[in-house]
Amino acid sequence: MVARRKVAVVGVALSDCGRVDDATPYALHAQAARRALADAGLDRSLVDGFASAGLGTLAPVEVAEYLGLRPTWVDSTSVGGSTWEVMAAHAADAITAGHARAVLLVYGSTARADVRAGRRTGTLSFGTRGPMQFEVPYGHTLIAKYAMAARRHMIEYGTTIEQLAEVAVQARANAALNPEAMFRTPITVDEVLSGPMIADPFTKLHCCVRSDGGAAVLLVAEEYVRDCRTSPVWVLGSGESVSHAAMSEWPDFTVSPAAVSGRLAFERAGVRPAEIEVAEIYDAFTYMTLVTLEDLGFCGKGEGGAFVEKGRLRVEGGELPVNTDGGGLSAQHPGMRGLFLLVEAVRQLRGECGERQVRRDDGSPPRLAVASGTGGWFCSSGTVVLGVG
């Protein structure tokens, strides 16, 4: 039996993102994968584990074939936006147990280009089977479910629409520092509030952008770290949790499954939320950021509104920089965005983020980060704690 090993992220990359009208999803997968391998300085022949979801009838078999890989360990877990944090946890477990030496996680989507070309509509449908049959007749769209949860938080804790708008404003401030972000022009709270209503209380700028793009992350066993051109970022701990499928089965709209996945991840990593220096949080809507901050333990339940005020989430001067690339609200959101959270967290810990780089008081990059993904309508959560040194 192979001894239990530490696991490091050694390669991360994005494909072309934003407005990409001339590429297929498969091409974006391949572009991100090649770039991640080049980032690590490793040959694809080392990769014996592969994880992908969201593309093809037999994902990840079809994508692996397209990339010329023949893995002996695979994962096709699909739990929405948190898929990639959950997959990273599974990959780390597989490597630790000796079932794989190098696992490549890859995602790509042309969500924006498909709508533009008429290949799909702008409405996301999860069908009418199973628990959905009891909600679809009442018009419960995905965004409406998040909007109802946000409204419940506002009623329960006095959270204001201005506080929710601050999440969008600070995400845009971070995006302004990211040359690859889709939208970089600063916005104000008043501009967020005056936008067209999408689902009460969310106006347009409370909602994520629609983009094209892909991402890839390469995890390896510790003995391969010495062969890499990059400094390792270690997977310290992870947690995953599911909550509900039907809204009627969600006990409390103000508590997300990150309350469980975060607690598990921090316990397994042996660190406290107060020690985290950078947080990458799934933000399809502003409320997701606010409630996840609460559930991860960065503030008390019901205190998220006050916490996000006064610029706490900003790269420049923020106490806890959140979504440092601009997040799904401003940088890019091509569908299941969880893998992008891991890419940005790793880049921050390696000190590679240029103008948007978070720095400690001595000027050095941060040493601890968390990436927390959310799937469905708070149906699932995956949280990964990463560290250097």
Side-chain angles (χ1 to χ4, degrees), residues 79-86 124 141-154 156-157 159-161 163-172 174-175 192 198-210 241-244 247 250 252-262 279-299 301-305 307-308 312-313 320 322-342 344-345 370-384:
V79 286
S82 63
T83 289
W84 308 100
E85 282 67 38
V86 173
L124 177 63
T141 62
L142 176 69
I143 185 171
K145 295 177 181 183
Y146 280 102
M148 285 193 298
R151 182 61 72 185
R152 182 71 252 170
H153 199 280
M154 296 169 76
E156 194 81 17
Y157 297 109
T159 305
T160 67
I161 193 62
Q163 290 169 334
L164 287 170
E166 269 291 345
V167 175
V169 169
Q170 293 178 59
R172 183 63 64 86
N174 293 343
V192 177
I198 305 300
D200 186 21
F202 296 149
T203 55
K204 181 179 179 179
L205 291 175
H206 283 280
C207 309
C208 66
V209 303
R210 186 191 300 275
S241 177
V242 298
S243 178
H244 59 279
M247 293 291 281
W250 188 1
D252 188 340
F253 284 14
T254 70
V255 179
S256 80
V260 176
S261 70
E280 308 298 340
I281 293 173
Y282 208 98
D283 62 338
F285 307 103
T286 52
Y287 176 60
M288 297 173 73
T289 302
L290 185 146
V291 77
T292 304
L293 286 167
E294 293 179 351
D295 292 337
L296 291 179
F298 293 114
C299 61
K301 178 52 60 181
E303 298 175 3
F307 184 85
V308 300
R312 281 191 172 93
L313 313 185
L320 178 69
V322 172
N323 296 337
T324 49
D325 62 345
L329 292 170
S330 287
Q332 76 288 110
H333 198 298
M336 297 189 293
R337 192 179 178 272
L339 198 53
F340 293 76
L341 309 180
L342 292 166
E344 180 67 11
V370 65
S372 189
T374 303
W377 37 98
F378 287 116
C379 302
S380 64
S381 176
T383 302
V384 180

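In what follows, every heavy atom counts, from backbone to side chain, and hydrogens, waters and symmetry copies are set aside.
A search for side-chain hydrogen bond (donor to acceptor under 3.5 Å, both in side chains) contacts involving Lys301 returns Glu294, Asp295, not counting sequence neighbours. For the side-chain hydrogen bond (donor to acceptor under 3.5 Å, both in side chains) test, residues two or more places apart in sequence or in another chain that qualify with Ser330 are Arg172. In this structure Thr159 satisfies the side-chain hydrogen bond (donor to acceptor under 3.5 Å, both in side chains) test together with His153, sequence neighbours excluded. Remark: Ser241 engages no residue in a side-chain hydrogen bond (donor to acceptor under 3.5 Å, both in side chains) (not counting sequence neighbours). In this structure His333 satisfies the ring-ring contact (aromatic ring centres under 6.0 Å, His included) test together with Tyr282, sequence neighbours excluded. Considering only residues two or more places apart in sequence or on other chains, Phe307 meets the ring-ring contact (aromatic ring centres under 6.0 Å, His included) condition with none of them.
Looking at Ser380 and Ser82, their side chains do bring a donor and an acceptor atom within 3.5 Å of each other. Side-chain contact check for Arg312 and Gln170: no donor-acceptor pair (N or O, by modelled atom type) lies under 3.5 Å.
Within the model, atoms OG1 of Thr83 and CZ of Arg337 stand 14.5 Å from one another, a figure rounded to the nearest 0.5 Å. Note that the SG atom of Cys208 and the CD1 atom of Ile143 stand 8.0 Å from one another [nearest 0.5 Å]. Of the inter-residue distances, the one linking Met247 atom CE with Trp377 atom CH2 reads 9.0 Å to the nearest 0.5 angstrom. If you take OH on Tyr287 and OG1 on Thr254, they are separated by 5.5 Å, rounding to the nearest 0.5 Å. In this structure, the separation between CG on Asp325 and CG on Leu341 is 8.0 Å, given to the nearest 0.5 Å. The structure places CD of Glu166 at 8.5 Å from CG of Leu313, a figure rounded to the nearest 0.5 Å.
Looking only at distances, no side-chain donor or acceptor of Trp250 sits under 3.5 Å from a matching main-chain atom of Ser256. Of the possible donor and acceptor atoms, one in the side chain of Asn174 sits under 3.5 Å from a partner among the backbone N and O of Val322. Side chain of Asp283 to main chain of Phe285: no donor-acceptor pair is present (N/O by atom type, distance under 3.5 Å, no hydrogens or angles).
Side-chain contact between Thr160 and Met154 is absent, with no heavy atoms from C-beta onward closer than 4.5 Å. Glu344 is listed as a side-chain neighbour of Thr324, based on a closest heavy-atom distance under 4.5 Å. In this structure, the side chains of Thr289 and Val308 stay at 4.5 Å or more apart for every pair of heavy atoms. Taking 4.5 Å as the limit, some side-chain heavy atom of Phe378 sits within range of a side-chain heavy atom of Tyr146. Residues Glu85 and Ser372 form no side-chain contact, since every pair of their non-hydrogen atoms from C-beta on lies 4.5 Å or further apart. Looking at Val167 and Leu329, their side chains come closer than 4.5 Å, going by heavy atoms from C-beta outward. In this structure, Val192 and His206 have side chains that are in contact, with non-hydrogen atoms separated by less than 4.5 Å.
A pairwise comparison of heavy atoms in Ala258 and Ser381 identifies CA-OG, 3.3 Å as the closest pair.
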